[in-house]
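Before any comments, here is the structure.
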Amino acid sequence: MAIWLVADSAAAEIAIVLNSGEGTVSVVDMGARKERSRIPIGKEPHHLMATPDDKHLIVANAVSNNLVFLDPATGQVVKRIEKISDPYQIGYSPDRKYFVSASLRLNQTDIYEAETFNLLKRIPTPKAPSHIAFNAASSLTFITLQHTDQVAAIDLATQQIRWTIKVGPVPAGIWMTPDDRHLLVGLTGADGVEVIDWRKPAVVARIITGKGAHNFLAMGDKRHVLVTNRVENSVAIVDQQSLKVVEKFPVPGGPDCMELTRDGRELWVTSRWKRQLTVVDMASKKIVAQIPVGRSPHGVYFRGHAPRQ
Amino acid sequence: MNDIVAAFAALHGALFENAVLPALFALGLMDFSEPAFDATEFVLIGLIQIGAVYVLLRPLEAWFPAEPWADRKAVRVDVLYTFLHRIGLVPIAVYALLRPLVDGTDEMLRALGYIPPGVEDAIPALHDSPFLTFVVYLLVLDFADYWRHRLQHRWGLWWALHSLHHSQRQLSFWADDRNHLLDDVIEGLWFSAIAFMIGVGPEQFVAAVMLIRFVESLSHGNVRFGFGRWGERLLVSPRFHRTHHAIGVGHEGRRYGCNFATLLPLWDIVFGSANFSYRGMATGITDQLGGRDYGESFLAQQWLGLKRLAGRA
């Protein structure tokens, strides 16, 4: 019995949180809702994502200029790839051919060959390239330019900027709808999300979600997407077909990145200003836990997450 | 300790969320929300530091003064300097001025394919130990600061600005921020260049600055104690630094002075500028005895500094 308990404890699901303001990763026991350990990772880890085969978790350390690969089951460091310039936000193209890194501080977007991490092109993208999305065909990557209030589309094959368009103030998160038709752009300097028909390209609608709209996460039903509102301290649920907000609930402390459990029952959100991870029960929309983590928690991930669409 | 950190984090978060962030949003300045979050913390720590240093050093200055004073009028202007620095006005202005320069240089280098290395590239083991990395950064920054300070005394034009700091004849724990604003910009440039070259992360840079400031407040205190024979050689003490400010000693001889170190007297020992023979001398600059005016008010001091720089005062 004791052995079984130990084994069960060791296999407990963990959430991994990037403490961007102190260069650590918090490994959180999801069952106990408690930080299990805090591991040094590098300078300014902001965003993370799983490798396409789901074997590793990639942490992008902006100031350390590297990518750190973690074992997503334990949070232990597996390997590092150095000389990745200022990786703030990262993403794989859907066809897994390209790895894109946005360098927010240095106004550059890097396109790498995904297999080898060989740099194909460093593209000037002023100012403050922030978040990344792709079209389904993997021909274009879309980047929000936070300080010039624009979205740029880069042709992945030629590594040239195809177009830029003006959007509202301080565009941050960017999200491609599952039908590959619209880009949603979180306007952190305004009160909602702009909808871009990227084939035109043109802004075709605006959805009021709340002040400081920032980042997106799919709910896994190919229909709804969550939006954090960093100034209003709320999360909105947007119907991607009707392009309307269907529900909104409070999440304190500057909600930023999110992760939803596979069964859709709990939403885990980094509360950036409060050094906390906030857990919301999605049936009641009530906060069920606030877990202390490190300074300025940003990206969050766990293996048992909802589908990404 | 965890409770203190948690209480501070709650205060920092609440202040930012309820006052700073809504103001940024209303003013259309959300581009700066993340630097503003750090700046809010910097200001809060600065204020806490002022309180802590006052509580610790003001009684010591009253009970064990190195120099007894009839009043503390001359100290008042230094209080203004301290608040201008510690509530962030000067550092934030210097940051705003220099950040585009540093980032622009970095951007240009990377466009050419060069990524500036950090100390972890030379010592990979540091990846796993932020504390050791911090110690390495602190050593490098302190070493660089020793030479910055030494050059402030060696080069006439730089001394024209830095002499403002030395013109305080009632040296107290408030005096460490008494600097010419132009000198602050040069210091910011110096530190930014060093931090850039060794790859100091922003949070470690702030921690290093806070530690250095605390020791500097202590070392400027009007208290007559040191740290003992060996302690004096490990960390800059009020006695050690008071010798640096002493008339006829601190900016004379051995090519313009002694005891330039900020944290570690080691640099003075290694480079032959250490002077452990504290004799309770008066502080100030020799030419003040001949009547040279360095100004009493903040504005007068800043103006006279510019005139000295131009060779007209």
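Just so we're on the same page: letters track the sequence lines, and every chain starts at 1.
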Below 4.5 Å from any heavy atom of chain B, which atoms of [X] appear? Answer side chain, backbone, both or neither.
{"X": "N66(A)", "result": "side chain"}
{"X": "D110(A)", "result": "neither"}
{"X": "V63(A)", "result": "side chain"}
{"X": "E22(A)", "result": "backbone"}
{"X": "K83(A)", "result": "both"}
{"X": "R272(A)", "result": "both"}
{"X": "A190(A)", "result": "backbone"}

query = Judged by modelled atom types alone, do E187(B) and N179(B) share a side-chain donor-acceptor pair under 3.5 Å?
reply = no

inquiry  = Does any backbone or side-chain atom of A10(B) lie under 4.5 Å from a heavy atom of chain A? Answer side chain, backbone, both or neither.
reply    = neither

query = In terms of heavy-atom proximity below 4.5 Å to chain A, should D38(B) be classed as side chain, backbone, both, or neither?
reply = both

query = More than 12 non-hydrogen atoms from neighbouring residues, nucleotides or ligands closer than 6.0 Å to NZ on K248(A), yes or no?
reply = yes

request  = Flag yes if more than 12 heavy atoms outside K166(A) fall under 6.0 Å of its NZ atom; otherwise flag no.
outcome  = yes

request  = Can you label the angle between the F143(B) ring and the F271(B) ring as parallel, tilted or perpendicular, going by 30° and 60°?
outcome  = tilted

query = What is the ring orientation for H214(A) with H131(A), classed by angle as parallel under 30°, tilted 30 to 60°, or perpendicular over 60°?
reply = perpendicular

message = Any non-hydrogen side-chain atom of Y54(B) less than 4.5 Å from a side-chain atom of W174(B)?
response = yes

query = Where is the tightest heavy-atom contact between F37(B) and H12(B), given as atom of each residue plus distance?
reply = O-NE2, 2.9 Å

message = Using a 4.5 angstrom heavy-atom cutoff, name the option from T40(B), L21(B), D103(B) with the most pairs to chain A.
response = D103(B)

ask   = Highest number of heavy-atom pairs under 4.5 Å with chain A: which of R99(B), M108(B), Q204(B)?
value = R99(B)

ask   = Any salt bridge between D176(B) and R86(B), counting N to O under 4.0 Å?
value = yes

